[in-house]
Structure formats: C-alpha cells, structure tokens
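So you know, we letter chains A, B, ... as the sequences are listed, proteins then strands, and number each from 1.
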Amino acid sequence: MNRRRNLSIWVGFLLVVASVVSYIPIFALFANTRDVPWVNYALFLVGGILLAIGLQRAFREPEHYRGKVSGSVLGALSLLLASFFVAAILYGGRQIPASENALHVGQPAPSFALVDTTGKLMSSSDLLEKHRALLLIFYRGYW
Amino acid sequence: MRSFQQRLGEFHDRGVEILAISVDSPEESRKLCQAKGYSFPFLSDQKAEVIRKYGVLHPGGGENGKDIARPAEFLVDTSGVIRWVNLTEDLRVRARPQMVLDAVSRF
C-alpha cells in the first residue's frame, strides 16, 4: 500500500505553532498587531482550515492518505495551543486592579522627587518650570 | 515605551518631557534603558509612594507579592494640573504616542 503523506496536517500544525510563538517577539512589538492580535488569529484560522482538510482526507480516503493518528494528535494539540493563546490574551492581560482610585483630569498632580538611573534626584516642580508638560508613564517594571 | 522613544523628538519639540516611573531600582532601569535604547528619564519609586499618590498601585502585582504600578499615563501641564489620563484595563493595550500629541495640541 503506497499512501501519500498528508502534508496539509503538518503545515496547518506548523502555522498554529508559529502563531503562538511569534506574538511576543514579533507582533507584540507593534500596537497595530498587539492590541488586537489579528495576525495570530489569522494564522490560527488558516492553520485550522489546513488541519481540517488534512483530517478529512485522512479519514475519508485512508487508502490514499496517511494521518489518521498523527492528524488527530496534532489537531488536538493545535486546538489546545490556540485556546491557551486566546485565554492568555483575553484573560491574562486583564489581571490588573480597577482604575477608579486613579487621579483624574482636572486634579492637581502630586509633586514628587525621584532618582533617575544615574542616581540624580529629579523633582517634578523643577521639570515643570522647564517644560510645557510632563508625560508620566507608570509601568509594572521588570523586577 | 518603544513607540514613545521612536517619537521622542516630537515630544521634545512641543516642550513635553517623558518620564517613566516604576518600582524598579535605578540599576534595573539602567539595564533596561541600555538594552532597549530608551533615552528619556526612568525614575525609581521603589517604595511606590508616588505610584500610590497617583492611585495606580497594583498591590501584590509583582514577583513574590511585591507592590507595583499598574500601567497608566498622565499628562501634567506646566501649572501642575492633570490634563489627560490613560488608564488601560489590559496590560497589552497601552497609550499610543499620537493620543498624547493630540492632547498636547489641545492645550
């Protein structure tokens, strides 16, 4: 019996893996592909379609195509990876406290004096004398 | 942060200084700035005092339950009044430079 390799399954699986591993080093760098990770979702979609085609072939024409077992395993694995990714995006990013305690527009900004990376003390009132405005970016830090 | 660095010149042209604030030590921030090429000041608020005053504390949000800042951006005008605020509900979704430049142009 000379059955053909079921390439569609493998390409589909590779696309799903590529989608998961590419987000942080590539697509998260750009706001347009980070805020809504549409490139990654598109890769899941194409990968899923290819897996579905491959699985259909494997089960409908097992005499011509391989992949009943490998396709099932890779298909389940892909589903797991994609679900994990979507959960991390939709749920993981939102684990921050509500913003209702934050100061709002129109309130006086508390003055402060903090050290910079060279150990120099920088005071907000000094800075405000020299600038038209200050943009304060609070961030979580890298500990 | 990266996008603000890329457009830092536009902020400076408009008289706006950008300050990044976290609980990181000056040494940790120095390494970060070196690695990422950030050239605006990174300020160290290790006791989270300023972070608390601005109401953006994330209690126990850091490693080993350390208190850290939640992501937030405040634009303060020269009279010391907050003119624009961005408080994200998602760590991944941050202010974009254009939003701030637009807010500055409305001063």
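Around atom NE2 of A/H64, no more than 12 heavy atoms belonging to other residues, nucleotides or ligands sit under 6.0 Å away. More than 12 heavy atoms of other residues, nucleotides or ligands lie within 6.0 Å of CG in A/L90, so this atom counts as buried by the packing criterion.
Top candidate by heavy-atom pairs under 4.5 Å with chain A, chosen from B/A95, B/S79, B/S44, is B/S44. Ranked by non-hydrogen atom pairs under 4.5 Å with chain A, the options B/A103, B/P59, B/C33, B/P71 are led by B/P71. Interface check for chain A: of the options B/M1, B/K31, B/E27, the most heavy-atom pairs under 4.5 Å are formed by B/M1. Your options are A/A31, A/A109, A/G106, and the one with the most heavy-atom pairs under 4.5 Å with chain B is A/A109. The choice from A/D35, A/L29, A/N101, A/I89 that makes the most heavy-atom pairs within less than 4.5 Å of chain B is A/D35. For the set B/V100, B/L32, B/T88, the entry with the most heavy-atom pairs within less than 4.5 Å of chain A is B/L32. Between chain A and the options B/D77, B/D90, B/V56, B/L87, the largest number of non-hydrogen pairs under 4.5 Å is found for B/D90.
Both the backbone and the side chain of B/V16 come within contact range of chain A, each with at least one heavy atom under 4.5 Å from a heavy atom of that chain. B/R70 touches chain A through backbone and side chain together, each having a heavy atom under 4.5 Å away. For B/S3, no part lies under 4.5 angstrom from a heavy atom of chain A. Proximity to chain A is limited to the side chain of B/R2, based on heavy atoms less than 4.5 angstrom apart. For chain A, the nearby part of B/P41 is the side chain; its heavy atoms alone come within less than 4.5 Å. No part of A/E100 comes within reach of chain B, as not one of its non-hydrogen atoms sits under 4.5 angstrom from that chain. Proximity to chain A involves both the backbone and the side chain of B/L43, based on heavy atoms less than 4.5 angstrom apart. Within the 4.5 angstrom heavy-atom criterion, no atom of A/Y91 approaches chain B.
With B/S25 contributing its side chain and B/E28 its backbone, the two residues share a donor-acceptor pair below 3.5 Å. Between the side chain of A/Y23 and the main chain of A/T33, no donor-acceptor pair closer than 3.5 Å is present. Judged purely by atom type and a 3.5 angstrom limit, B/D45 uses its side chain to pair as donor or acceptor with the backbone of B/I51. Listed for the A/R66 side chain is no donor-acceptor partner under 3.5 Å among the backbone atoms of A/A58. Within the 3.5 Å criterion, the main-chain N or O of A/G92 finds no donor-acceptor partner in the side chain of A/Q95. Between the side chain of B/D24 and the backbone N or O of A/G141 there is no donor-acceptor pair closer than 3.5 Å. Checking side-chain atoms of A/Y139 against main-chain N and O of B/A69 turns up no donor-acceptor pair under 3.5 Å. B/R92 places a side-chain N or O within donor-acceptor distance of the main-chain N or O of A/R34, the cut-off being under 3.5 Å.
Shortest non-hydrogen contact noted between B/R94 and B/N86 is C-ND2, 4.2 Å. Here the shortest heavy-atom pairing between A/R57 and A/S8 reads NH2-CB, 3.4 Å. Here the closest heavy-atom approach between residue B/E89 and residue A/S99 is recorded as OE2-OG, 3.0 Å. Scanning all heavy atoms of the two residues, the minimum distance from B/V23 to B/K66 falls at CG2-CE, 4.0 Å.
In this structure, B/F11 has its ring center at least 6.0 angstrom away from the ring center of B/F40.
Contacts from residues 36-53 of chain A to chain B, taken as heavy-atom pairs separated by less than 4.5 Å, involve A/P37 in sequence order. Residues of residues 72-84 of chain A never come closer than 4.5 Å to chain B when only heavy atoms are counted. At a heavy-atom separation below 4.5 angstrom, chain B is approached by A/S111, A/F112, A/L114, A/V115, A/D116, A/T117 within residues 111-118 of chain A. Of all residues spanning residues 124-136 of chain A, those with a heavy atom less than 4.5 Å away from chain B's heavy atoms are A/L127, A/L128, A/H131, A/R132, A/A133, A/L134, A/L135, A/L136, arranged by number.
One hydrophobic cluster, built from ILVMFWY side chains closer than 4.5 Å, holds both A/V17 and A/I24. If you chain together hydrophobic residues whose side chains sit under 4.5 Å apart, A/W10 and A/V69 never meet in one group. Both A/I137 and B/L8 are members of a single hydrophobic cluster when ILVMFWY side chains are connected at heavy-atom separations under 4.5 Å.
In this structure the side chain of A/Y65 never reaches within 4.5 angstrom of the side chain of A/L7, judged on heavy atoms. At a threshold of 4.5 Å between non-hydrogen side-chain atoms, the residues A/I96 and A/R140 count as touching. Side-chain contact between B/W84 and B/E73 is present, with heavy atoms from C-beta onward closer than 4.5 Å.
Annotation: cation-pi pair B/R30/B/F42 absent, no NZ/CZ under 6.0 Å from the ring centroid and within 45° of its normal.
Of the charged side-chain nitrogens involved, at least one lies within less than 4.0 Å of a carboxylate oxygen, so that B/R7 and B/E10 count as a salt-bridged pair.
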Worksheet entry | B/R83 and B/F74: CA distance, side-chain angles, deciding distance, side-chain contact (heavy atoms from CB on, under 4.5 Å) verdict | CA-CA 8 Å; B/R83 295 293 292 268; B/F74 294 86; over 6 Å; no
